Amino acid sequence: MLASTPTAALRVRNLRKTFKDVVAVDGLELEVRAGECFGLLGPNGAGKTTTIEICEGLTEPDSGDVELLGMRWKSDAADLRQRLGIQLQETQLADKVTVLETIRLFSSFFRQGPPPAEVIALVQLEEKANARVGGLSGGQKQRLALACALVGDPDFLFLDEPTTGLDPQARRQLWELIERFKLQGRTILLTTHYMDEAEQLCDRVAIMDHGKVIALGTPRELITSIGVEHMVEFSAGGAGKAPEIAALRRMEGVRDVRAENGTIQMQVTALHRAVPALLDELERQGVPLTELRTHSATLEDVFVTLTGRHLRDE
């Protein structure tokens, strides 16, 4: 089904792009292996979308080199377009055209690909085949946009924040579709700022900030790299009395403590020791605990550790 691809499906070397006085991509180096789902992560403004649009041939870089499926846009554009599937961050489709008509139109752009009915079934829109696009829900429109990216039976699939704005059920449905494409051996480059999405779908991830890759590895490798197993978040105090942060930092097994918006976040190595120690310390200080939450370390915590900021819309 899929054409043969080199070991590295995508190689990006020293990529740079500037808009007016903003450096969107700053000497980026990246390699995506054939057959993997690779996540490009970062907050809005990190350079994710600019990077992916350059790789898709939609934006011209100021400098640097992009090799995709062993080809380059300057010399192999026609062949590349036949082998790629692209779902943009926002896809505007004609509201008065039906789902089936939309898929037939996109299929006409490619030399090969499955029948339109098969593509519609793949994204579970059979019951909406004759419905107009304008009448679809947000999740159904996202699945239709994904179907448009699949009509040419692509070797390489670009998905730019495919689940942004969807409800949890619609997100899970798209996750299942992407997992299915992974099993077919397709190479996927996924951008997202949902860390649970990256941990669920991606074989490897690169975290971007200010146009550069600041961390690269499997989700588990990156989480392990910060040397923290658990996070403790709590609120305490009131009436002008707050916990002494310096005392919390001295507790055994505590790697870091941050205070933000009335909540204190602690990175700890052993949860079963840290929580009792925290309760004892707050009691010693005479500060009442008002809220307590714990969770295992995530990619979000990796980003906070590296940058001091949360990976979210800014």
Side-chain angles (χ1 to χ4, degrees), residues 2-89 149 152 154-162 178 181-182 185-193 198 201-219 221-222 225 299 302-303 306-307 311:
L2 298 176
S4 60
T5 59
T7 302
L10 173 66
R11 291 187 179 94
V12 175
R13 294 290 178 264
N14 198 27
L15 198 65
R16 184 177 177 85
K17 181 67 178 179
T18 301
F19 297 100
K20 294 184 179 180
D21 58 346
V22 176
V23 180
V25 183
D26 190 8
L28 187 72
E29 302 277 336
L30 203 62
E31 188 169 290
V32 178
R33 301 166 186 162
E36 75 174 337
C37 181
F38 188 94
L40 198 57
L41 316 180
N44 286 351
K48 304 188 307 295
T49 294
T50 300
T51 298
I52 203 171
E53 287 181 350
I54 292 172
C55 295
E56 292 166 344
L58 301 176
T59 298
E60 185 77 17
D62 295 336
S63 60
D65 182 62
V66 174
E67 181 183 301
L68 183 56
L69 299 175
M71 296 178 281
R72 288 175 170 81
W73 282 107
K74 287 186 178 179
S75 57
D76 309 293
D79 288 335
L80 274 171
R81 290 191 181 99
Q82 291 297 315
R83 297 180 63 185
L84 302 182
I86 297 173
Q87 182 180 0
L88 302 175
Q89 193 173 124
D155 295 335
F156 198 115
L157 191 59
F158 288 97
L159 302 176
D160 193 2
E161 300 192 7
I178 294 168
F181 307 147
K182 285 175 57 179
R186 302 179 195 271
T187 306
I188 302 170
L189 178 56
L190 170 78
T191 73
T192 183
H193 54 258
L201 299 176
C202 297
D203 300 300
R204 291 189 304 142
V205 298
I207 297 178
M208 286 187 69
D209 195 28
H210 300 300
K212 294 178 178 290
V213 171
I214 60 173
L216 174 67
T218 68
E221 285 171 348
L222 292 180
S225 71
L299 286 175
V302 174
F303 188 83
L306 293 174
T307 69
L311 205 156

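Please read these numbers as outputs of a predicted model, since none were measured by experiment.
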Between [X] and [Y], what is the shortest heavy-atom contact and its length?
X	Y	result
Asp62	Thr18	OD2-N, 2.7 Å
Leu84	Trp73	CD1-CZ2, 3.6 Å
Ala215	Leu222	CB-CD2, 3.9 Å

Inspect the contact between [Y] and [X] and indicate whether a charged nitrogen and a carboxylate oxygen are less than 4.0 angstrom apart.
X	Y	answer
Lys212	Glu29	no
Arg16	Asp26	yes
Lys17	Glu53	no

Within this structure, what is the [atom1]-[atom2] distance for the pair [X] and [Y], rounded to the nearest 0.5 Å?
X	Y	atom1	atom2	result
Ile188	Asp203	CD1	CG	8.5 Å
Met208	Thr50	CE	OG1	8.0 Å
Leu58	Ile86	CG	CD1	5.5 Å
Leu190	Gln87	CG	CD	9.5 Å
Glu56	Leu189	CD	CG	8.0 Å
Leu68	Asp79	CG	CG	12.0 Å

Pick from Arg11, Lys74, Arg72: which one makes a salt bridge (charged side-chain N to carboxylate O under 4.0 Å, His left out) with Asp65? Arg72
Strictly distance-based, threshold 3.5 Å: is any side-chain N or O of Thr59 a donor or acceptor partner for the main-chain N or O of Ile54? no
Can a donor-acceptor pair be found, under 3.5 Å and without considering hydrogens, that links the side chain of Arg186 to the backbone of Pro154? yes
